[in-house]
Amino acid sequence: MRIFSGMQPSGDLHLGNYLGALRQWVASQNPDAFYCVVDLHALTLPIEPATLARQRTELFATFLASGLDPEVSTIFFQSDVAYHAQLNWLLECVASFGELGRMTAFKEKAERGEGYRVGLFTYPVLMAGDILLYETEEVPVGDDQRQHLELCRDLAQRFNHRYGETFRVPRAVVPPVAARVMDLQEPTRKMSKSLSSPLGSIFIVDPPEAIARKVARAVTDTDGEVRPDWEHKPGLTNLLEIFASFEGSSVEAVAERYTRYGDLKRDLSELVVSSLAPIRERYAELLAAPEHLADLAARGAAAASEVAGPVYERAARAMGLG
Ligand code: AMP
Ligand code: TRP
């Protein structure tokens with residue numbers, strides 16, 4: 001199955017990234033799968049060059065530490081394969097201003113005024129190109145990326161209609177639980193990399209004490225009944241989702257076993273700590289060997305280019321170039 005997905009090196013990965021996306025990637029990896037550190041996307045918001053340089057390596061290491069195997073699938077940096085930037089331009093000339101203006105992720109991030117970077121506006125086009133370059137069938141992502149996937153499908157269909165059959169039309173694959181992990185302090189907001197809520201996000205590389213503290217302080221409610229109810233009990237329901245996702249069960253199955261919030265939180269904390277501990281250890285080992293990571297990334301980029309090159313050429317020719 002041809003799979004493509006990507007993540008931005010814009011900060012430490014949290015449980016939302018892990019349960020919503022990365023763990024699905026690990027489960028679905030195969031010789032036909034491509035997983036990408038989308039470093040060009042990280043330039044859409046202000047970021048120091050030194051910070052980006054460090055975070056892109058850290059994200060690559062996190063992919064491997066979580067179980068993605070470079071012997072099985074292709075793992076690479078977006079900026080190492082120039083076809084991504086090239087196809088982006090062709091697709092910018094297919095996408096319309098109006099449809100990009102309707103993207104909710106853009107509207108949220110651009111709220112602060114018109115000084116935003118043009119790349120923030122055109123970001124979903126670059127993303128569409130990432131996916132289409134690999135003749136992707138499935139894109140495993142969290143719930144917040146659905147709208148971007150719809151745009152990608154629209155652009156592929158429009159291109160095919162206008163210039164002849166060129167791109168395969170992909171579909172999003174969203175996990176059945178934990179597709180939208182919420183902030184532990186403000187459970188009506190999705191968990192994010194931003195540091196505005198230091199107790200709200202659990203990071204994959206958090207030490208056990210930090211995880212325990214964040215779970216213990218997670219906001220719940222006062223009715224005292226353990227049952228899933230997104231509308232009235234979002235905090236508790238979020239904890240049940242995280243539990244069910246790690247355990248591979250359902251929120252109902254977890255809720256049935258508990259009558260007290262304290263017991264649920266204690267067991268959840270242990271489960272998260274023990275699930276993440278091996279990833280954290282492996283991450284530290286990998287970062288200690290940067291040349292090895294660079295070598296793997298170079299091999300990944302070469303393999304990715306072999307697939308992306310012919311697709312890019314086909315698209316360029318269809319438009320009358322080359
Ligand atoms: P990003 O951090 O925006 O690069 O997202 C990388 C991946 O993680 C995408 O597939 C997102 O859909 C997914 N993701 C991000 N935040 C969450 C969240 N709070 N819950 C579930 N999935 C998420
Ligand atoms: N926009 C995605 C996010 O913020 C990251 C991304 C870029 C992506 N290109 C992609 C995800 C291609 C899937 C496929 O999460």
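Counting starts at 1 for both ligands and their atoms, in listed order.
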Hey, is CD on Glu313 packed in by over 12 heavy atoms from elsewhere, all under 6.0 Å?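 Yes - once you tally the heavy atoms of other residues, nucleotides and ligands closer than 6.0 Å, there are more than 12.
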
Return the residue, atom name and 0.1 Å-rounded distance of the protein heavy atom closest to [atom].
atom	value
atom 20 (N) of ligand 1	Val181 N, 2.8 Å
atom 2 (O) of ligand 1	Lys193 NZ, 2.7 Å
atom 18 (C) of ligand 1	Gly16 CA, 3.5 Å
atom 5 (O) of ligand 1	Asn17 ND2, 3.4 Å
atom 3 (O) of ligand 1	Gln8 NE2, 4.0 Å

May I ask you to establish whether Lys214 and Phe203 are in a cation-pi arrangement, using a distance under 6.0 Å from NZ or CZ to the six-membered ring centre and at most 45° from the ring axis? no

Per-atom contacts of ligand 1 with Ala179, taking only distances under 4.0 Å to non-hydrogen atoms: 20 (N), 21 (C), 22 (N)

Out of all atoms in ligand 1, which are within 4.0 Å of some heavy atom of Ala21? Include the element for each.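 Listed by number with element: 7 (C), 8 (O), 10 (O).
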
Going by atom types alone, do Glu225 and Tyr261 pair a side-chain donor with an acceptor below 3.5 Å?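 Glu225 vs Tyr261: no donor-acceptor pair found between side chains.
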
Tell me whether the rings of Tyr258 and Phe243 are parallel (<30°), tilted (30 to 60°) or perpendicular (>60°).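 Plane angle between 30° and 60°, so tilted.
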
Which of these, Arg180, Met127, His14, has its nearest heavy atom closest to atom 16 (N) of ligand 1?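 Residue with the shortest heavy-atom distance to the ligand atom: His14.
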
